[in-house]
Novice: 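Mind looking over this structure? Questions follow.
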Amino acid sequence: YERIGKKCVARFSAWGENIDLAWVEHSRDGLDWERISRYQRKQPLDFSLPQDRCPQPGEYLRGAARDVLGTTAVSDAVPVR
């Protein structure tokens, strides 16, 4: 995760067979999560977020991906500094 001008960029990778969708989620407390990016279907998984969706210091980000069978997995939460 990094801020670039008025936007921020979140990057992660997902591995497995038949990854269907990937997205970025945000949480203020690490418990309740909300999707803040568009869906992406191909690697590399680089997400450019507009300024109004960039998390603030003290909040959390994580990557999420779903395969064609509907199984969803998420990364560890990363605190924003």
Side-chain angles (χ1 to χ4, degrees):
Y1 169 79
E2 64 182 316
R3 289 187 186 269
I4 301 174
K6 292 184 177 182
K7 293 185 177 185
C8 52
V9 176
R11 296 180 178 96
F12 71 95
S13 59
W15 68 92
E17 291 189 33
N18 302 316
I19 300 296
D20 183 40
L21 293 175
W23 61 93
V24 176
E25 295 180 338
H26 157 267
S27 175
R28 289 188 171 90
D29 59 9
L31 300 172
D32 295 315
W33 293 91
E34 173 186 8
R35 182 177 60 87
I36 59 169
S37 71
R38 294 180 182 208
Y39 292 116
Q40 195 165 318
R41 295 182 181 275
K42 294 182 181 181
Q43 305 239 24
L45 300 173
D46 294 341
F47 298 88
S48 179
L49 306 171
Q51 187 175 13
D52 64 329
R53 294 202 170 229
C54 292
Q56 300 301 312
E59 298 177 344
Y60 300 90
L61 281 180
R62 71 181 182 187
R66 185 179 72 199
D67 67 17
V68 294
L69 298 176
T71 303
T72 300
V74 297
S75 69
D76 291 336
V78 176
V80 175
R81 296 177 188 216

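Being a predicted model, the structure only gives us computed values, none of them experimental. The first residue of the sequence shown is numbered 1, and numbering continues consecutively from there.
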Novice: So how far is it from Cys54 SG to His26 NE2, rounded to the nearest 0.5 Å?
Specialist: 10.0 Å

Novice: Sequence neighbours left out, what passes side-chain contact (heavy atoms from CB on, under 4.5 Å) with Gln56? Give chain and number order.
Specialist: Arg3, Glu59

Novice: Would a 4.5 Å heavy-atom cut-off, applied to side chains only, mark Gln43 and Ser13 as touching?
Specialist: yes

Novice: Side-chain contact test, heavy atoms from C-beta onward, threshold under 4.5 Å: evaluate it for Arg66 versus Trp23 and give yes or no.
Specialist: yes

Novice: Would the number of heavy atoms belonging to other residues, nucleotides or ligands and lying under 6.0 Å from CZ of Arg35 be above 12?
Specialist: yes

Novice: Are Tyr1 and Leu45 connected in a single hydrophobic cluster, I mean Ile/Leu/Val/Met/Phe/Trp/Tyr linked by side-chain heavy atoms less than 4.5 Å apart?
Specialist: yes

Novice: Quick one, Ile36 with Leu61, criterion side-chain contact (heavy atoms from CB on, under 4.5 Å). Give me CA distance, side-chain angles, the key distance, then yes/no.
Specialist: CA-CA 9 Å; Ile36 59 169; Leu61 281 180; 3.7 Å; yes

Novice: Identify all side-chain donor-acceptor contacts of residues 74-81 below 3.5 Å with residues at least two apart in sequence or on another chain.
Specialist:
residue: Ser75; atom: OG; partner: Gly63; partner atom: N; Å: 2.9

Novice: Quick check: do Arg41 and Leu21 have side-chain heavy atoms less than 4.5 Å from each other?
Specialist: yes

Novice: Within this structure, what is the CG-NZ distance for the pair Asp52 and Lys7, rounded to the nearest 0.5 Å?
Specialist: 11.0 Å

Novice: Flag yes if more than 12 heavy atoms outside Glu17 fall under 6.0 Å of its CD atom; otherwise flag no.
Specialist: no

Novice: Within the structure provided, determine whether Val24 and Phe12 are in side-chain contact (heavy-atom separation under 4.5 Å).
Specialist: yes

Novice: Just grab all the ring pair (Phe, Tyr, Trp, His ring centres under 6.0 Å) pairs involving residues 49-81, residues at least two apart or on different chains.
Specialist: none

Novice: Can you give me the closest heavy-atom contact between Phe47 and Arg38, atom names plus distance?
Specialist: CE2-O, 3.5 Å

